[in-house]
Amino acid sequence: MCGIIGYIGNKPATPILIEGLRRLEYRGYDSAGIAVIENDAVCRVRMPGKVEKLAAKIAQHQFEGTIGIGHTRWATHGKPSEANAHPHANGDESIMLIHNGIIENHQSLCSQLTGRGYHFTSETDTEVMAHLIDDAYRGDLVQAVKQALGQVTGTYGLVVMHTRHPDQLVAARRGSPMVLGVGDGEMLLASDVSAFLRLTNKVVYLEDDDIVSVTTKDFTIDTLAGEQVQRDAEPIEWQDNAADLEGFPHYMLKEIFEQPETITNAIRGRLVESEGMAHFGGLDDVLEEGMKAAQHLVIISCGTSYYAGLYARYVFEKLTDLIVEVEIASEMRYRKTNIRPGTVVLAISQSGETADTVAAMREAERKGALLLGLVNVVGSTISRMTKAGVYNHGGPEIGVASTKIFISQCCILAMMALLHGRFNHLSVTDGMEVVNGLMRLPDHIHRVLKEANHIHAIAAKYAQANNFLFIGRKYNYPMALEGALKLKEISYIHAEGCAAGEMKHGFIAMIDENFPTVCLATRDTTYEKTVSNMQEIKSRNGRIIAIATEGDDEIGDIADDVIYTPATLDFLQPIPAVVALQLFAYYCAMERGCDIDQPRNLAKSVTVE
Ligand code: M6R
């Protein structure tokens, strides 16, 4: 969603802010802006549209100021326009502010401020903060920000600067991420580290209710309640070059091709071949209560991470006796659930910042569950809310459409199922078979990637269809949902995923020669049934693209086109299969000329409800 970058240091701030905004583009946005303090005045440039447009406009000026803030806005209150773009200001433009999150009581605050003579120039909820700070300001910016925040309800990650304090940035967070990068004679504030990784890898993760005051050399943190806190800078592992395209036309394609390595990183040091076992250092502290003794597991997540959870349910059911429920976080948080002390709740999230997942976790915590996490972004909100957990170690995922982290989630969840299974009834030989299957996955994915040109040719043939159906059974059902989601996210083609057995209960009404179906028909115990569904589609003139197991020559008699994936254990087969679906979605979007890495209306991390 919205992206934040702030800079204070010894270099001109503008190029650093613009580069930071470029690095944040992947989060999704529809307008952008910066403000820099120069000679005790503010230079502010904002506009709807891309950062490149903003950069071109700024290139007409020679801003030399060494303190500034920049923002990419994903519209919530008010359409994308110059007036609604951040930074927002008070009346005399001495205060500039950028904000992620939502000020829920902005309307009542706005009425109060209007009554006191304040004039609003935008439709945003953010602007109210600039006036509140103005109203509270008596010479101390931190105090003014604190007082203003004391009046708001909602979520925020914000950075403020004031022309009377040209050597200070003030930032605060509640429910929206904010990190401080500590450089040499310079400091950076951002909504995620990728905005400044090229300048420093020393990071302080701010906690909810922290307020930080930053100068070029130093920072102090205290809380809304007025307590001074000590937070140390930690080095982070991610390499800045992980955010470069390295010759690929899009991050999505780069990340699809990275998947063999992503799996290697996910399983490295976590599989014990001789014991047919998995081990996660991050779960050691909860092994007894969480992994050995657990009887009831509830998985909560959203979007693609939810589909990883659905896949995990089948795998847990195969390898363990656990009762597993999978919940969409935004639904679970409002339901009466059977979560109670003894329930293990596992939150899955690439970003670790998804607002619905965070809220559902709070509900689960209230009900006494043991909270675990499977998260990619180190230090993110979800990773810090859980009692224990596992990192994907997948590096930054920049493409808005999640690919490599979905694959990583599926592998790690299968390993978690193996761990629980081996503590219970699963035999060492069965465990060894699973370990072996997981270790061969990078090679299996390599083989699917070699089919990229073939998949491209199939995509080119079908890319002008307006509708698609994706079907699969058992382990392949979540992949059918994921395949449909990938296609609609980046190509804007309407696509539906359904359990193959459900097709005859309604979906089949849509099938005709213009409505192709992607059938996940890898070899498992449900293969024959899926083939029957394919026959039903064929009888209604539907065109079929089959994802099938290598060696299945008969499938070509029913399907119009076939993409083969390597044979492996039945429950691991969907993993290479979904790689074929990612490539299919990618090439369909390319054929349609879509903006693949920044699809319209979508955000990488969804930090609002
Ligand atoms: O960061 P999270 O895994 O919590 O994100 C959940 C969803 O917002 C995310 O998977 C979304 O559906 C992606 N755009 C899928 O490609």
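Small disclaimer: the values here were computed from a predicted structure and weren't measured. Ligands are counted one by one from 1 in listed order, and the atoms in each one are counted from 1 as well. Because only heavy atoms are used, hydrogens play no part in the values below, and waters and symmetry mates are left out as well, while side chains stay in.
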Engineer: Is any side-chain N of the basic residue among Arg384 and Glu207 closer than 4.0 Å to the acidic one's carboxylate O?
Structural biologist: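 Counted as a salt bridge, because a side-chain N and a carboxylate O are separated by less than 4.0 Å.
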Engineer: How far apart are the C-alpha atoms of Arg23 and Glu19, what are their side-chain angles, what is the distance that settles it, and do they pass the salt bridge (charged side-chain N to carboxylate O under 4.0 Å, His left out) test?
Structural biologist: CA-CA 6 Å; Arg23 307 269 173 153; Glu19 188 51 32; 2.9 Å; yes
Engineer: Is a salt bridge present between Asp208 and Arg173, judged by a nitrogen-to-oxygen distance below 4.0 Å?
Structural biologist: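 Here Asp208 pairs with Arg173 in a salt bridge, since their nearest N and O are under 4.0 Å apart.
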Engineer: Answer yes when Glu331 and Arg335 have at least one side-chain N-carboxylate O distance shorter than 4.0 Å, and no when they do not.
Structural biologist: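 Salt bridge flag = no for Arg335 with Glu331.
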Engineer: For the residue pair Asn476 / Arg473, report whether a side-chain donor-acceptor contact shorter than 3.5 Å exists.
Structural biologist: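 Judged by distance alone, the side chains do not pair up.
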Engineer: Give a yes or no on whether a salt bridge exists between Glu261 and Lys404, defined as a side-chain N under 4.0 angstrom from a carboxylate O.
Structural biologist: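 Looking at Lys404 together with Glu261, the answer is no, because their closest N to O distance does not fall below 4.0 Å.
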Engineer: What does the list of residues with a heavy atom under 4.0 Å from ligand 1 look like, ordered by chain and number?
Structural biologist: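 The answer is Cys302, Gly303, Thr304, Ser305, Ser349, Gln350, Ser351, Thr354, Val400, Ala401, Ser402, Lys486, Glu489, Val606, counting any residue whose heavy atom sits under 4.0 Å from ligand 1.
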